[in-house]
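To find a chain, count down the sequence lines: A is the first, B the second, and so on, and within it residues start at 1.
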Amino acid sequence: MRVSRLLTKTLREVPSEAETVSHHYLLRSGMVHQIAAGVYAYLPLGWKVLRKIENIIREELDSAGAQEIMMPVLQPLELWEKTQRHHAFGKALFTLTDRRDRTLCLGPTHEEVVTELVRHQVRSYRDLPLLIYQLQTKFRDEPRPRAGLMRVREFTMMDLYSFDTNEEALDISYQKMRKAYRNIYERCGLPTLEVEADSGAIGGKDSHEFMVITDTGEDEVIRCTTCEYAANVEKAESIKPAGERRSLEPVEEVATPGMKSIEEVADFLQVPRNRTMKAVFYSADGNLVFAAIRGDLDVNEIKLKNALKCTELQLASEQQVRLAGLVAGSASPVGLTGVKVVADDSITLGTNFVAGANRPDRHLLNVNYPRDFKVDIMQDIAATRAGYACPRCGHVLTSTRGVEVGHIFKLGTLFSNTLGAFFLDNEGRQQPIVMGCYGIGVGRLMAAAIEQNHDDQGIIWPAPLAPYQVYLCGIGMDKTEVATAADSLYEDLRANGVEVLYDDRAESPGIKFNDADLLGIPLRVVISPRTLKQQGAEVKRRNSKESQIMPLDDLIRQLKSWS
RNA sequence: CGGGGUGUAGCGCAGUAGGUCAGCGCGCAUGGUUUGGGACCAUGAGGUCGGAGGUUCGAGUCCUCUCACCCCGACCA
């Protein structure tokens with residue numbers, strides 16, 4: 001391609017909306033163009049990169065035995081009503097009405113459709129296992145699109161689904177996909193960290209995310225400084241430090257005038273925070289829920305949501321709290337009735353807690369579970385923070401940020417059961433197909449690759465993702481010998497299958513070099529009067545300062561060995 | 001959905017006690033001089049100042065409403 005004919009031009013100045021590096025360079029290099037919030041057009045260079053990524057994905061999945069299909073964007077809402085996931089997605093689901101007044105949605109993902117599809121194709125255990133995938137545009141009406149391609153409302157996603165006869169077979173598929181994913185990221189030149197992930201109220205047991213570690217990442221990753229443990233903060237666990245164990249004292253009510261927060265109460269009563277009990281009120285699908293946790297810890301709302309198996313969870317409004325007769329600042333599960341209580345297991349780590357008296361300005365001393373109160377659910381609902389102890393090895397945990405570029409789940413039989421995807425096993429019994437799903441956001445991966453590979457001058461594409469391998473630069477194009485030599489080298493490179501972007505413009509060297517750097521093409525080849533004097537061309541890697549003159553008559557052979 | 005911010009030429013911006021305020025830089029076009037890290041000179045094209053109402057003799061500037069976009073948070077199977 002000749003730069004003079006290229007649709008896009010590089011921008012010297014950055015559109016002011018760009019905050020992150022990838023957004024900045026994507027716009028400035030002319031790879032994408034924003035059409036609306038979270039909606040982008042891919043321009044020639046960006047589209048080439050996207051297709052490179054897609055093809056790497058295809059090759060790796062195909063070689064793992066997967067089969068590519070294409071499913072529709074447009075999906076009947078009925079299908080989503082069957083699984084009730086239209087509620088789980090809520091407003092993020094784009095819906096529309098057709099001329100017959102039927103409601104359709106733009107698929108945010110394809111579990112329903114693929115299950116519906118497979119249920120018609122699979123009869124017997126002999127048809128399994130299956131790995132089916134597609135590269136398709138997804139639509140999600142995100143509350144807040146952001147950071148260029150990082151979080152958008154319309155995006156290309158590779159989504160793969162596995163179908164197996166049982167959990168053991170699912171695990172084989174799952175491990176196969178983990179391997180395929182590692183290969184994909186490796187070929188993309190993108191180091192990723194595999195972390196344990198939350199699978200949501202709907203998900204199954206195992207779930208992992210593939211994270212690119214970068215400060216601009218949206219997700220927080222908790223990892224151990226010593227062992228291999230790494231998890232999304234949504235899911236991360238820790239060993240909670242045990243509090244003091246003493247013999248149980250009788251409950252005693254004391255006055256705590258004006259003391260409401262844990263800090264105030266603990267200071268006032270001269271007890272450590274880990275001997276207090278914190279109360280947090282939530283509204284779970286509209287019902288009031290009481291969460292109890294040791295005072296030195298915080299509630300992880302994702303864990304709480306999963307414990308409650310609810311779809312909507314937010315802090316309860318003041319009004320809700322008041323109507324339930326709870327006393328904010330002095331609430332506890334002791335003597336509480338009519339409200340669901342979820343407790344973090346930390347309230348069993350220690351004795352003789354300070355808790356609210358459910359009366360204004362009063363607290364209780366020496367509250368102990370289960371002597372003094374009952375709970376409906378007791379499990380880990382605590383937020384894990386950097387500095388806590390690793391659940392595996394006990395060493396200290398740290399926190400970093402990451403971009404989620406892949407997510408894999410074991411779904412189990414949820415979709416097959418509700419949508420009726422069954423097979424007959426080798427004893428003729430009907431069984432639900434055991435499923436898994438595996439997604440990669442292609443545009444986001446591209447953005448993450450830029451976050452990870454750039455300098456002050458621009459992008460430094462890993463060669464497998466680069467839109468072109470060679471940036472051919474003619475300096476002094478008004479001189480016939482330069483133009484002729486550059487033109488003929490361009491034709492030679494193309495004839496030899498080298499992906500070459502030819503800067504044939506009558507621009508100054510500075511402009512061309514800067515554009516070459518901005519676009520991040522791995523190799524820059526310069527033809528100028530200076531190089532022609534040596535019957536050669538200057539070759540330079542994007543990621544290196546050194547250049548060298550290579551003889552024109554042997555250039556193509558040498559270039560191939562260089563890249 | 002809460003909080004904050006921005007909309008003036010393709011991009012970046014200036015212009016707001018209401019009165020030659022339709023401007024600058026970059027980019028673009030034409031001509032010329034330049035050519036190894038974003039050159040220079042000259043000439044030129046390009047904007048219903050996001051939109052709708054209103055106040056006023058007069059609105060880019062003030063008021064009301066509205067739309068779009070960005071940032072923080074909430075949210076993100």
Pairs under 3.5 angstrom, nitrogen or oxygen only, protein versus nucleotides 22-25 of chain B, please.
{"residue": "B:rG25", "atom": "N2", "partner": "A:E13", "partner atom": "OE1", "Å": "2.6"}

Shortest non-hydrogen contact between A:D504 and A:S4, atoms and distance: OD2-OG, 2.7 Å
Rounded [atom1] spacing from [N] to [M] in Å:
| N | M | atom1 | answer |
| --- | --- | --- | --- |
| B:rU33 | B:rG12 | P | 35 Å |
| B:rA42 | B:rG25 | P | 11 Å |
| B:rG60 | B:rG44 | C1' | 26 Å |
| B:rA59 | B:rG50 | C1' | 16 Å |
| B:rC70 | B:rG23 | C1' | 26 Å |
| B:rG46 | B:rG27 | C1' | 12 Å |
| B:rU16 | B:rC21 | C1' | 11 Å |
| B:rC26 | B:rA9 | C1' | 12 Å |

Looking at A:R542 and A:D455, does any basic side-chain N land under 4.0 Å from a carboxylate oxygen? yes
If you measure from the Lys or Arg side-chain nitrogens to the Asp or Glu carboxylate oxygens, is any gap between A:R151 and A:E218 under 4.0 Å? yes
Which of A:I450, A:L518, A:V21, A:L519 passes side chain to side chain contact (heavy atoms under 4.5 Å, CB included) with A:I459? Answer is A:I450
Would you indicate what [X] reaches in the nucleic acid, counting non-hydrogen atoms under 4.0 angstrom: base, sugar-phosphate, or nothing?
| X | value |
| --- | --- |
| A:V526 | base |
| A:A147 | sugar-phosphate |
| A:E19 | sugar-phosphate |
| A:E404 | nothing |
| A:S547 | nothing |
| A:A37 | sugar-phosphate |

Can you tell me how far [atom2] of [N] sits from [atom1] of [X], to the nearest Å?
| X | N | atom1 | atom2 | result |
| --- | --- | --- | --- | --- |
| A:D219 | B:rC76 | CG | P | 12 Å |
| A:R144 | B:rG73 | CZ | P | 7 Å |
| A:I408 | B:rA77 | CD1 | C1' | 16 Å |
| A:E220 | B:rG73 | CD | C1' | 15 Å |
| A:L11 | B:rC11 | CG | P | 9 Å |
| A:K91 | B:rC75 | NZ | C1' | 11 Å |
| A:M435 | B:rA77 | CE | P | 17 Å |
| A:E218 | B:rC71 | CD | P | 10 Å |

Distance only, no hydrogens: is a donor on one side chain within 3.5 Å (strictly under) of an acceptor on the other, for [X] and [Y]?
| X | Y | value |
| --- | --- | --- |
| A:D159 | A:Q134 | yes |
| A:H454 | A:E451 | no |
| A:Q75 | A:H110 | yes |

Does CG in A:D215 sit with more than 12 non-hydrogen atoms of other residues, nucleotides or ligands closer than 6.0 Å? no
In numerical order, the residues of residues 500-508 of chain A whose heavy atoms come under 4.0 Å of RNA chain B are A:E507, A:S508
Across all strands shown, which nucleotide pairs with [N] by Watson-Crick or G-U wobble geometry, both distances under 3.5 Å?
| N | value |
| --- | --- |
| B:rC57 | B:rG19 |
| B:rG2 | B:rC72 |
| B:rC24 | B:rG12 |
| B:rU64 | B:rA52 |
| B:rU43 | B:rA29 |

So which one's nearest nucleotide on RNA chain B is more toward 5', A:Q34 or A:S528? A:S528
Given that A:T109 and A:K479 both sit by RNA chain B, which one's nearest nucleotide is further toward the 5' end? A:K479
chi for B:rA17 classified (syn = within 90 degrees of 0, anti otherwise) as syn
From [options], nucleotide with atom closest to [X] side chain:
| X | options | value |
| --- | --- | --- |
| A:R524 | B:rG27, B:rG36, B:rG73 | B:rG36 |
| A:D515 | B:rG38, B:rA74, B:rU35 | B:rG38 |
| A:N514 | B:rG37, B:rC75, B:rA77 | B:rG37 |
| A:R146 | B:rC75, B:rA77, B:rG37 | B:rC75 |

Less than 6.0 angstrom separating the ring centers of [X] and [Y], yes or no?
| X | Y | result |
| --- | --- | --- |
| A:F290 | A:F281 | yes |
| A:F89 | A:H87 | no |
| A:F409 | A:Y438 | no |

Phosphate OP1/OP2 of B:rG27: any A:R12 side-chain N/O under 4.0 Å: yes
Using 30° and 60° as the class boundaries, would you call the ring planes of A:Y42 and A:W47 parallel, tilted or perpendicular? tilted
Separation of A:L190 CG from A:M211 CE (nearest 0.5 Å): 13.0 Å
Determine whether a donor-acceptor pair (one donor, one acceptor, N or O, separation below 3.5 Å) exists between the side chain of A:R28 and the base of B:rG38. yes
Ignoring hydrogens and geometry beyond distance, is the side chain of A:R151 in donor-acceptor contact with the base of B:rC76 at under 3.5 Å? yes
